[in-house]
**Q** 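For reference, the structure I am asking about is given below.
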Amino acid sequence: MPKIRIQDFHLEHTLLCGQLFRVTRQDDWYHIIVRDRILKIRQRFDCLEFHGVSKEFLLHYFALDEPYIAILTQINKDPYIDNAIKKYHGLRIIRQDPWECVISFLCSSAANIPKITLNLELLSSLFGKRIRLNKFEGYAFPNPGDLNSYQGILMAKTGFRAGYIKTANELVTEEFLQSLRKLSYSEAKKALKNIPGIGDKIADCILLFSLGFSEAFPIDIWIRRVLQEVYFKNRLISDKHLRDFGTNYFGKYAGYAQQFLYMFVRNSILKSDRRTQEGLGKVISKDRTLF
DNA sequence: CGTCAGGTAGCCA
DNA sequence: TGGCTACCTGAC
């Protein structure tokens, strides 16, 4: 089993911060399905043990070639995010497969992580080929063009998203997705938003998690809450304004800041007792007293 | 059982 | 640009 030593990397934070969905855990091992490969991996301190992919693939996939400490320095603008960065040190934004990322986030609208995972597993089992790594069996993610039955897509329990998935399957090619890398952030985003079902948030997720646009700052419900509470003192701010604030305030690597804030606010809310919650504002206020 | 969930499109002011 | 709502369906 190949091993590598790494620094400033936390496997669990990276896998469980909501950026990817096809991950399963078995004891201290994780299995990740990336298109048609299965990656088996575990971390022990500064050592990664892995199987199923090459070392080069691994380093690229987990973005271990990025200047991590420099990135953290750039986004560390205030005590609140400093706290989040310290708590989740080693969280990386990985380089997902763009096509799988498009479909994943089309499934994400008005859903939750368990449901998105279910949709992706069903789509894979209905349209993808069976794959195996030793005893671990699963289904490869279908290729562009393979999600060609509306009924099948519906059977994956995708609901109102089925039409979007069908159309994306007809519109999107690998070449199209790769061509986005050559464009500016705003041009690439505009091109993605031409696909029905992809709006600002989903486009930003695709750009950030799979196409290397680290300045993308997706505004989801959690980020909206934490920005409004912490940075705007509960004033109601439009998503467009919040997005502009995020990219301007955190800069070139705003997407990393987004991910740290997401983890920080989400986990502190999940850990608090829902029965005694009177509102999210109160919970986030509690959060602020942490620093 | 009701409500809600990583949003978007379409429609209106 | 901003505000509103329908939309499928599994989780909680």
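Source: prediction; values computed, not measured. Letters go in sequence order (proteins before strands), and every chain restarts at 1.
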**Q** In plain terms, say whether A:Glu137 and A:Arg130 are close enough for a salt bridge, that is, a side-chain N and a carboxylate O under 4.0 Å apart.
**A**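 Salt bridge flag = yes for A:Arg130 with A:Glu137.
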**Q** From CD1 of A:Ile202 over to P of B:dT8, roughly how many Å is that when rounded to an integer?
**A**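 Value for this atom pair: 4 Å.
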**Q** Only Watson-Crick and G-U wobble pairs with both distances less than 3.5 Å should count. Give DNA chain C in dot-bracket notation, marking inter-strand partners with |.
**A** |||||||.||||
**Q** Starting at atom CG of A:Leu192, determine the distance to atom P of B:dA9, rounded to an integer number of angstrom.
**A**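 Nearest whole value for this atom pair: 12 Å.
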**Q** Does anything in residues 89-102 of chain A come within less than 4.0 Å of DNA chain C? Heavy atoms only, and list the residues if so.
**A**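 Listed by number, there are none.
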**Q** Taking 4.0 Å as the cut-off, does a side-chain nitrogen or oxygen of A:Arg161 come that near to OP1 or OP2 on B:dA9?
**A**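 It does not, given that no N or O in the side chain of A:Arg161 lies less than 4.0 Å from OP1 or OP2 of B:dA9.
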**Q** Would you please test A:Tyr256 and A:Glu66 for side chain to side chain donor-acceptor pair (under 3.5 Å) and show each step?
**A** CA-CA 12 Å; A:Tyr256 276 86; A:Glu66 294 227 85; 2.7 Å; yes
**Q** Hey, what do you get for NZ (A:Lys189) to CG (A:Asp200), rounding to the nearest 0.5 Å?
**A**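 Rounded to the nearest 0.5 Å, the NZ-CG separation comes to 4.0 Å.
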**Q** Centres of the A:Phe217 and A:Phe245 rings: under 6.0 Å?
**A**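 A:Phe217 vs A:Phe245: aromatic centres not under 6.0 Å.
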**Q** Looking only at atom P, what distance separates B:dA9 and C:dG10, rounded to whole Å?
**A**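 Result for the P pair: 24 Å, nearest Å.
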**Q** Can you tell which of C:dG2, C:dT9, B:dG7 lies closest to the side chain of A:Ser238?
**A**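 Within the option list, the nearest is C:dG2.
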**Q** Rounding to a whole Å, what distance do you find between A:Glu121:CD and C:dG10:C1'?
**A**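 Those two atoms, CD and C1', are 15 Å apart.
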**Q** Would you measure the distance from the P atom in C:dC8 across to the matching atom in B:dC11 and give it in whole Å?
**A**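 Pairwise P distance, C:dC8 against B:dC11, rounds to 16 Å.
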**Q** Which whole-number value in Å describes the distance from A:Ile221 CD1 to B:dG7 P?
**A**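 Computing the A:Ile221:CD1 to B:dG7:P distance gives 6 Å.
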**Q** Quick one: A:Tyr262 OH to B:dA5 P, roughly how many Å, whole number?
**A**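 After rounding, the gap between these two atoms is 12 Å.
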**Q** Under 6.0 Å between ring centres, would you say that holds for A:Phe105 and A:Phe21?
**A**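 A:Phe105 vs A:Phe21: aromatic centres under 6.0 Å.
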**Q** Just call it for A:Leu118: base, sugar-phosphate, or nothing, with non-hydrogen atoms closer than 4.0 Å on any strand.
**A**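 Sugar-phosphate contact only.
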**Q** Would you confirm whether A:Arg161, through its side chain, and A:Ala110, through its main-chain N or O, come within 3.5 Å as a donor-acceptor pair?
**A**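 Such a contact is found between A:Arg161 side chain and A:Ala110 backbone.
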**Q** Does a salt bridge link A:Asp65 with A:Arg95, judged by any charged N lying under 4.0 Å from a carboxylate O?
**A**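 Looking at A:Arg95 together with A:Asp65, the answer is yes, because their closest N to O distance falls below 4.0 Å.
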**Q** Give A:Ile198 one of three labels, base, sugar-phosphate or nothing, depending on what nucleic acid heavy atoms sit under 4.0 Å from its own.
**A**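 Touches sugar-phosphate only.
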**Q** Are A:Glu229 and A:Asn234 linked by a side-chain donor-acceptor pair shorter than 3.5 Å?
**A**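 A:Asn234 and A:Glu229 do have a side-chain donor-acceptor pair below 3.5 Å.
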**Q** Whole angstrom is fine here: how far is it from CD in A:Gln151 over to P in C:dC8?
**A**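 In whole Å, C:dC8 P lies 13 Å from A:Gln151 CD.
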**Q** With a 3.5 Å distance limit and no angle check, can you tell me whether A:Tyr150 reaches the backbone of A:Ala162 through a side-chain donor-acceptor pair?
**A**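 No.
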**Q** Does anything in residues 104-112 of chain A reach DNA chain B, meaning a heavy atom under 4.0 Å, and if so which residues?
**A**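 Output list: A:Ser108, A:Ser109, A:Ala110, A:Ala111, A:Asn112.
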**Q** At under 4.0 Å between heavy atoms, what does A:Gln259 touch on the DNA or RNA strands: base, sugar-phosphate, or nothing?
**A**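 The residue A:Gln259 makes no contact with any strand.
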**Q** Starting from the 5' end of DNA chain C, give me the residue, A:Pro114 or A:Gly159, whose nearest nucleotide shows up first.
**A**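 So the residue in question is A:Gly159.
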**Q** Is A:Asp244 salt-bridged to A:Lys240, going by a charged N under 4.0 Å from an acidic O?
**A**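 Salt bridge: yes.
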**Q** Taking the same atom, P, in B:dT3 and in C:dT5, what whole-Å distance lies between them?
**A**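 Those two atoms are separated by 15 Å.
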**Q** Find which nucleotide of DNA chain B each of A:Ile195 and A:Gln19 is nearest to by heavy atoms, and output the residue with the more 5' nucleotide.
**A**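 Whichever sits nearer the 5' end wins; that is A:Gln19.
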**Q** What is the separation between atom NZ on A:Lys240 and atom C1' on B:dG7, rounded to the nearest whole Å?
**A**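 In whole Å, B:dG7 C1' and A:Lys240 NZ are 18 Å from each other.
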**Q** Counting N and O atoms only, with roles assigned by atom type, does the side chain of A:Ser108 sit under 3.5 Å from a partner on the main chain of A:Ser104, one being a donor and the other an acceptor?
**A**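 Not at all, since once roles are kept as given, no pair shorter than 3.5 Å links the two residues.
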**Q** Are A:His89 and A:Tyr68 close enough, and set up right, to give a ring pair (Phe, Tyr, Trp, His ring centres under 6.0 Å), and what steps lead you there?
**A** CA-CA 10 Å; A:His89 185 89; A:Tyr68 193 66; 5.7 Å; yes
**Q** Rounded to the nearest angstrom, tell me the gap between atom CG in A:Leu242 and atom P in B:dG7.
**A**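 To the nearest whole Å, that distance equals 14 Å.
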**Q** How would you label the contact of A:Lys115 with the nucleic acid (heavy atoms, under 4.0 Å): base, sugar-phosphate, or nothing?
**A**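 Contact class for A:Lys115: base.
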**Q** Determine, for A:Asp8 against A:Arg92, whether the closest basic-nitrogen to carboxylate-oxygen distance falls under 4.0 angstrom.
**A**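 Answer for the salt bridge query: no.
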**Q** From the set B:dA9, C:dC8, C:dG10, return the single nucleotide nearest to any side-chain atom of A:Tyr164.
**A**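 So the nucleotide nearest the side chain must be B:dA9.
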